[in-house]
Amino acid sequence: MERPGRLLLQSELRVRNAAYDVSLSRSLLTWKRRAASPVYHPFRPSVCHSVPVSEIISVREEEEENGSRQRDDGSWKKIREREGKDCRQAFTVLYVERCQQHRWRCAEVTFTCSDETVCQHWVSSIREQLASNTSRPKHLLVYINPYGGKHQGKRIYEQKVAPLFTQAGISTSVIVTEYANHARDHLKMEAELKKFDGVVCVGGDGMFSEIIHGLIWRTQIDCGVDPNSPEEALSPCSLRIGIIPAGSTDCICFATVGTNDPVTSALHIIVGDSQPLDVCSVHHNNMFLRYSVSLLGYGFYGDVLSDSERKRWMGPARYDFSGVKMFLTHHYYEGTVSYLPARGIIGTPRDATRCRSGCVICQHNGQLNSERSEKYEMDEASDSESSGEWRTIRGKFLAINAASMSCACPRSPKGLSPAAHLADGTTDLILVRKCSRFNFLRHLLRHTSKDDQFDLTFVEVHRVRRFRFMPRHCQSDSDLELDLHENSKRQIFSQICKDHPACGCAPAYSSWNCDGEILTHTAIDVRVHCQLIKLFARGIEELPVFEDLTNPCAI
Ligand SMILES: CCCCCCCCCCCCC/C=C/[C@@H](O)[C@H](COP(=O)(O)O)NC(=O)CCCCC
Ligand SMILES: Nc1ncnc2c1ncn2[C@@H]1O[C@H](COP(=O)(O)OP(=O)(O)O)[C@@H](O)[C@H]1O
Ligand SMILES: [Ca+2]
């Protein structure tokens, strides 16, 4: 709770016929019930409410007409607030109210007063405060994927989100996509971005992926940066992105807000929240493939995605079906992973800290990263790559996952890497080596329980800035010779089995699951770009603190 600061207004107003002392400062709106008698009354505690001005959605005048009142949006509301026989002036404040599990709701309180001038003074003062907040968006470009999740994107936007934007005085330009990559290409080539304060994505992780591809590409072109080069320092995008969850997993929304709830997301957009986010660029042989912000998964998660795409008709349940199927199939893949460990940062993938709203680790590591990239630009030879810090692991893996954020979602509330950070310039590289089905199940089940999924001998995790993967079938002849003595028979069999998949032998390669999109190339080079984009979010909030001495209600 913020400190109240200097008061701008203070009046005695009424709320549901009870007298309240109401005050407004630049940071807080407070209403405190006047004690009817100084005697302590155990069943009627003194009621005090306080709302940060930054969390007020809007203020509305209630206009009187023939004894009842009409809202300035035209709808009728019987609120004949009376004291004796006098009708009173009234205004309603809409504000953010926190509910369970990080959900936000739009609550409202109606204040009445006998003096019209006082009432208007209150309305204009609150409106002035809201208008002075420059982080709130006024014009938004909205893309709706009508096809994602349970095909409810359009309905969710129209019924739950658009009315809130209207209340908050936000104007929108809405595009319902007609085909895959419609939003990406529109952002890349057509959208008049100067007209907007942000972009809203209604859909799942795949739709969000389209938006960032369009926006990042466009930003690089506008800034004269080559978006194809794996070595370029990419320019950060200035427009923030809001995510209204309407997909199947909605992991990016869940991991940045704490819940998949369209109203909560809409309210974070309205109050103008800002959350920086790391983005990985994925290249193959110096050729740009894709960006990723959440999961890059080879093996298990790649196979689940490829299998589930053929079952889209099942809706979100396709992931459960394919998850069980791929677990039973138990394919493993051979290859070489090399990575550049993140040095000098605070935090490890196995510590108990969690990335939460205002995360100091992201602030510290983000700062470190920008200092480093300046240095890197001045003196490329100082890069760790040339000073030989790369580490290499060769092996057989059931899964290779890079989690650039926790990847928490309803299926896994703590995520694939619970201690990963949204904006620290790193990704957590998780290697699950070949093991028995029983052991792999233990690992998977720990995604859904409190137990540490990394505390298993066949799982390792590294916090990295960059990594590469080379599947065994793509390795150079000299590399393969090293392995030959160890596994010459299997090589011959896998060759045969590519031609005879029915024999059930493990396939030579999987595909990458890149934020829910399939990557066709298997050999990839991944680099983290610290805080490249910003969301209309604030990270997951800590649970409320019960006693807060800075709260004027507590004084
Ligand atoms: C046999 C027991 C299995 C229990 C495993 C539970 C672990 C679930 C972890 C899920 C991590 C999800 C990471 C997010 C991925 C999404 O980007 C991606 C696309 O989302 P969307 O576009 O909204 O559809 N979703 C997936 O790849 C689904 C993975 C589901 C795996 C079971
Ligand atoms: N109008 C459309 N028709 C078909 N596909 C679309 C359309 N708009 C977007 N897409 C694609 O739909 C895919 C899934 O979208 P997404 O919103 O992530 O839903 P889900 O979470 O169900 O996968 C994405 O690959 C996206 O590019
Ligand atoms: Ca990160």
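Remember, it's 1-based here, ligands and their atoms both numbered in the order they're listed.
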Undergrad: To the nearest 0.1 Å, how far is atom 13 (C) of ligand 1 from its closest protein heavy atom, and which atom is that?
TA: Leu295 CD2, 3.9 Å
Undergrad: Given Pro146, Ala246, Ser209, Ser248, which has its nearest heavy atom closest to atom 22 (O) of ligand 2?
TA: Ser248
Undergrad: Looking only at protein heavy atoms, identify the closest one to atom 5 (C) of ligand 1 and say how far it is in Å.
TA: Leu444 O, 4.3 Å
Undergrad: Would you check the N or O atoms of Tyr301, main chain and side chain alike, for any that come under 3.5 Å of an N or O of ligand 1?
TA: no
Undergrad: Ignoring hydrogens and geometry beyond distance, is a side-chain donor-acceptor pair present between Ser306 and Ser511 at under 3.5 Å?
TA: yes
Undergrad: Name the closest protein heavy atom to atom 30 (C) of ligand 1, giving the residue it belongs to and the distance to 0.1 Å.
TA: Tyr319 CB, 3.9 Å
Undergrad: For the residue pair Tyr333 / Asp303, report whether a side-chain donor-acceptor contact shorter than 3.5 Å exists.
TA: yes
Undergrad: For atom 8 (N) of ligand 2, find the nearest protein heavy atom and state the residue, atom name and distance (0.1 Å precision).
TA: Thr177 OG1, 2.8 Å
Undergrad: Return the residue, atom name and 0.1 Å-rounded distance of the protein heavy atom closest to atom 10 (C) of ligand 1.
TA: Cys409 SG, 3.8 Å
Undergrad: Numbering the atoms of ligand 2 from 1, which are under 4.0 Å from a heavy atom of Gly149?
TA: 19 (O), 20 (P), 22 (O)
Undergrad: To which protein heavy atom is atom 18 (O) of ligand 2 closest, and what is the distance rounded to 0.1 Å?
TA: Gly206 N, 2.8 Å
Undergrad: For the 3.5 Å polar cut-off, considering only N or O atoms, please tell me whether Asp205 and ligand 1 meet it.
TA: yes
Undergrad: Ring centres under 6.0 Å, that's the criterion: do Tyr143 and His186 meet it?
TA: yes
Undergrad: Would you say the ring centers of His268 and Phe536 fall short of 6.0 Å from each other?
TA: no
Undergrad: Does an N or O from Glu517, backbone or side chain, lie closer than 3.5 Å to an N or O of ligand 2?
TA: yes
Undergrad: Taking distance alone, with no angle check, do Asn513 and ligand 1 share an N/O pair under 3.5 Å?
TA: yes
Undergrad: So which of Tyr147, Tyr143, Tyr319, Phe208 gets nearest to atom 6 (C) of ligand 2, if we judge by its closest heavy atom?
TA: Tyr147
Undergrad: Which of the numbered atoms in ligand 1 are below 4.0 angstrom from a heavy atom of Asp250?
TA: 23 (O)
Undergrad: Go through the steps to decide whether Ile430 and Ser417 satisfy the test side chain to side chain contact (heavy atoms under 4.5 Å, CB included), and finish with yes or no.
TA: CA-CA 8 Å; Ile430 306 159; Ser417 192; 4.1 Å; yes
Undergrad: Name the one of Ser294, Pro245, Cys201 that satisfies side-chain contact (heavy atoms from CB on, under 4.5 Å) with Ile252?
TA: Ser294
Undergrad: Give a yes or no on whether a salt bridge exists between Arg312 and Glu309, defined as a side-chain N under 4.0 angstrom from a carboxylate O.
TA: yes
Undergrad: Do any N/O/S atoms of Cys362 come under 3.0 Å of the Ca ion (ligand 3)?
TA: no
Undergrad: Output the distance between atom NZ (Lys534) and atom CG (Leu215), rounded to the nearest 0.5 Å.
TA: 10.5 Å
Undergrad: Would you call Arg290 and Asp515 a salt bridge, using N to O less than 4.0 angstrom?
TA: no
Undergrad: Do the charged groups of Asp197 and Lys138 touch, with an N to O distance under 4.0 Å?
TA: no
Undergrad: Specify the protein heavy atom at minimum distance from atom 20 (O) of ligand 1: its residue, its atom name, and the distance to 0.1 Å.
TA: Thr249 OG1, 3.1 Å
Undergrad: Check whether any N or O atom of Gly148, backbone or side chain, sits under 3.5 Å from an N or O atom of ligand 2, and answer yes or no.
TA: no
Undergrad: Which atoms of ligand 1 sit under 4.0 Å from any heavy atom of Cys251?
TA: 14 (C)
Undergrad: Just need the protein heavy atom nearest to atom 27 (O) of ligand 2, so name the residue and atom and give the distance.
TA: Glu210 OE2, 2.3 Å
Undergrad: Just wondering, is there an N, O or S atom on Asp424 that's nearer than 3.0 Å to the Ca ion (ligand 3)?
TA: yes
Undergrad: With a 6.0 Å cut-off on the ring centroids, do Tyr298 and Tyr301 count as close?
TA: no
Undergrad: Identify, by atom number and element, the atoms of ligand 1 in contact range of Gly206, meaning under 4.0 Å from any of its heavy atoms.
TA: 22 (O)
Undergrad: Backbone or side chain, does any N or O of Arg318 fall under 3.5 Å from an N or O of ligand 2?
TA: yes
Undergrad: Short N/O distance, under 3.5 Å, between Arg411 and ligand 1?
TA: no
Undergrad: Judged on heavy-atom distance to atom 17 (O) of ligand 2, which of Gly204, Pro316, Gly153 sits nearest?
TA: Gly204
Undergrad: Any donor-acceptor pair under 3.5 Å linking the side chain of Asn285 with the backbone of Met287?
TA: no
Undergrad: Is there a donor-acceptor contact under 3.5 Å linking the side chains of Thr249 and Asp205?
TA: no
Undergrad: How large, to 10°, is the angle at the Ca ion (ligand 3) when you draw lines to O on Thr426 and to O on Ser404?
TA: 110°
Undergrad: For ligand 1, is Phe327 a contact, meaning one of its heavy atoms is under 4.0 Å away?
TA: no
Undergrad: Pairs of nitrogen or oxygen atoms closer than 3.5 Å, one from Gly203 and one from ligand 2: do any exist?
TA: no
Undergrad: By atom name, which N, O or S atom belonging to Asp278 lies closest to the Ca ion (ligand 3)?
TA: OD2
Undergrad: Would you kindly check if the NZ (Lys) or CZ (Arg) of Arg468 is within the cone defined by 45 degrees around the ring axis of Trp390 and under 6.0 Å from the six-membered ring centre?
TA: yes
Undergrad: Nearest to atom 18 (C) of ligand 1, what protein heavy atom do you find, and at what distance?
TA: Gly516 CA, 3.7 Å
Undergrad: Counting both backbone and side chain atoms, is some N or O of Arg312 under 3.5 Å from an N or O of ligand 2?
TA: yes
Undergrad: Looking at His421, which of its N, O or S atoms is the nearest one to the Ca ion (ligand 3)?
TA: O
Undergrad: Which residue, Arg466, His284, Met470, forms the side-chain contact (heavy atoms from CB on, under 4.5 Å) with Asp525?
TA: Arg466
Undergrad: Using a 4.0 Å cut-off to any heavy atom of Asp515, which atoms of ligand 1 qualify?
TA: 17 (O)
Undergrad: Using side-chain hydrogen bond (donor to acceptor under 3.5 Å, both in side chains) as the criterion, point out the one residue from Arg98, His102, Arg356 that pairs with Glu541.
TA: Arg98
Undergrad: Which option out of Asn145, Asp205, Asp250, Leu305 puts a heavy atom nearest to atom 7 (C) of ligand 2?
TA: Asn145
Undergrad: Would you call Val324 a ligand 1 contact, heavy-atom distance under 4.0 Å?
TA: no
Undergrad: Does any N or O of ligand 2 fall below 3.5 Å from an N or O anywhere on Gly247, backbone included?
TA: no
Undergrad: For the pair Glu334 (side chain) and Arg472 (backbone), establish whether a donor and an acceptor sit closer than 3.5 Å, ignoring hydrogens and angles.
TA: no
Undergrad: Geometry only, no angles: is Met207 polar-contacting ligand 2 at N/O separations under 3.5 Å?
TA: yes
Undergrad: Go through the side-chain N and O atoms of Thr457 and Arg433 and say whether any donor and acceptor fall under 3.5 Å apart.
TA: no
Undergrad: Inspect the contact between Lys325 and Asp307 and indicate whether a charged nitrogen and a carboxylate oxygen are less than 4.0 angstrom apart.
TA: yes
Undergrad: Please report whether the ring centroid of Phe440 lies less than 6.0 Å from that of Phe300.
TA: yes
